[in-house]
J.: 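A single structure is presented below for examination.
Only heavy atoms go into these numbers, but all of them, side chains included; no hydrogens, no water, no symmetry mates.
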Amino acid sequence: MAARMLASGTTPSAPSALQIDRREFMRLATTFAAALTVGCDVVWGESIPMKTAVKITCIIRYEIDPYQRDAFKEYAENWARVVPRCGGHLVGYFLPYEGTNNIAWGLIAFDSLASYEAYKKKLKADPEARNNFAAAEAKRFILREERNFVEIVDGTFGVSAVPGAAA
């Protein structure tokens, strides 16, 4: 992830470009969520097809078995097909890179809580989703999962620095 940030000219505010802590991740995650919320179609130079601006983003924090990192990676990759098919706007899944080795994240945006509820119904009926959940349960690589829903605070995203002001 750090390599993508550097390649695109975006650098993290952490002391080292190769190190990302929880605070930095949350800063980046909320930036992604905010970009989707206001309907931006570009994040780090890559186009994201958006039909409508999303209103909320579900941030999922996973505590994973660090010895089964590859199993979680496969699990996350499987959602790349399922989430859009079921109505979510997949922002992405993130594996630990530096620092804590057992925390991963998933971000999925929705137009509303109602669309999230419809998404959950479609997810329960989707065979690939059910298989992915079953594999995670059988392999037990997810130890704990938390979900938080966030929304952008109007007037706080995309605010440019005032020319001549001290940073």
Side-chain angles (χ1 to χ4, degrees), residues 1-8 10-37 43-44 46 48-50 54-151:
M1 182 163 79
R4 285 186 63 201
M5 287 188 291
L6 292 175
S8 69
T10 303
T11 57
S13 59
S16 166
L18 297 177
Q19 182 177 341
I20 185 167
D21 61 12
R22 182 178 180 177
R23 181 173 300 188
E24 182 64 16
F25 175 83
M26 291 305 292
R27 185 186 70 76
L28 293 170
T30 53
T31 299
F32 275 127
L36 289 171
T37 301
V43 176
W44 283 352
E46 295 181 13
I48 297 176
M50 296 292 293
V54 297
K55 303 294 182 208
I56 61 169
T57 299
C58 178
I59 299 178
I60 310 165
R61 181 183 184 271
Y62 296 95
E63 181 181 336
I64 64 171
D65 177 346
Y67 298 104
Q68 295 193 64
R69 186 180 195 278
D70 288 341
F72 183 84
K73 181 180 180 190
E74 180 181 342
Y75 171 83
E77 289 170 345
N78 290 339
W79 290 123
R81 294 181 301 276
V82 176
V83 169
R85 182 170 64 234
C86 292
H89 303 282
L90 181 62
V91 177
Y93 277 83
F94 303 85
L95 283 166
Y97 179 74
E98 181 73 26
T100 303
N101 68 351
N102 68 333
I103 303 299
W105 304 85
L107 281 79
I108 305 170
F110 299 93
D111 301 329
S112 65
L113 282 176
S115 60
Y116 171 69
E117 292 299 326
Y119 162 83
K120 286 192 325 183
K121 285 181 183 178
K122 289 178 185 175
L123 211 58
K124 287 180 182 179
D126 188 279
E128 189 176 1
R130 287 196 314 264
N131 288 341
N132 209 31
F133 282 128
E137 190 173 272
K139 295 177 184 175
R140 305 181 65 88
F141 53 81
I142 298 174
L143 308 176
R144 186 166 185 243
E145 185 177 319
E146 299 173 8
R147 292 175 187 271
N148 290 290
F149 291 84
V150 297
E151 65 180 343

J.: State the CZ-CG distance between R85 and L90, to the nearest 0.5 angstrom.
T.: 12.5 Å

J.: Compare every heavy atom of F149 with every heavy atom of C58, then report the nearest pair and how far apart it is.
T.: CB-CE2, 3.6 Å

J.: Please give me the minimum heavy-atom distance between R147 and I60, naming the atom from each residue.
T.: NH1-CD1, 3.2 Å

J.: Using 0.5 Å steps for rounding, measure from the CH2 atom of W105 to the CG atom of L95.
T.: 13.0 Å

J.: Which heavy-atom pair separates N78 from R81 by the least distance, and what is that distance?
T.: OD1-NH2, 2.8 Å

J.: From F133 CZ over to K124 NZ, what is the distance, rounded to the nearest 0.5 angstrom?
T.: 9.5 Å

J.: I'd like to know if R61 and E146 make a salt bridge, using a cut-off of under 4.0 Å between side-chain N and carboxylate O.
T.: yes

J.: Which heavy-atom pair separates G106 from Y62 by the least distance, and what is that distance?
T.: N-CE1, 4.0 Å

J.: Measuring from atom CZ of F72 to atom CG of L143, what distance do you get when rounded to the nearest 0.5 angstrom?
T.: 11.0 Å

J.: Testing the basics here: between G88 and Y119, what is the closest heavy-atom pair and its distance to 0.1 Å?
T.: N-CD1, 3.6 Å

J.: Can you tell me how far CD1 of I103 sits from CD of E63, rounded to the nearest 0.5 angstrom?
T.: 5.5 Å

J.: For the backbone of K139 and the side chain of Q68, can you confirm whether one donor and one acceptor N or O come within less than 3.5 Å of each other?
T.: yes

J.: Check for a donor-acceptor pair, side chain of R69 on one end and backbone N or O of P96 on the other, with a separation under 3.5 Å.
T.: yes

J.: Look up atom CZ in F110 and atom NZ in K55, then write down how far apart they are to the nearest 0.5 Å.
T.: 15.0 Å

J.: Are any of the side-chain heavy atoms of Y67 and N101 separated by less than 4.5 Å?
T.: no

J.: Is the W79 ring parallel, tilted or perpendicular to the Y75 ring (thresholds 30°, 60°)?
T.: perpendicular

J.: Check this for me: E137, atom CD, are more than 12 non-hydrogen atoms of other residues, nucleotides or ligands nearer than 6.0 Å?
T.: no

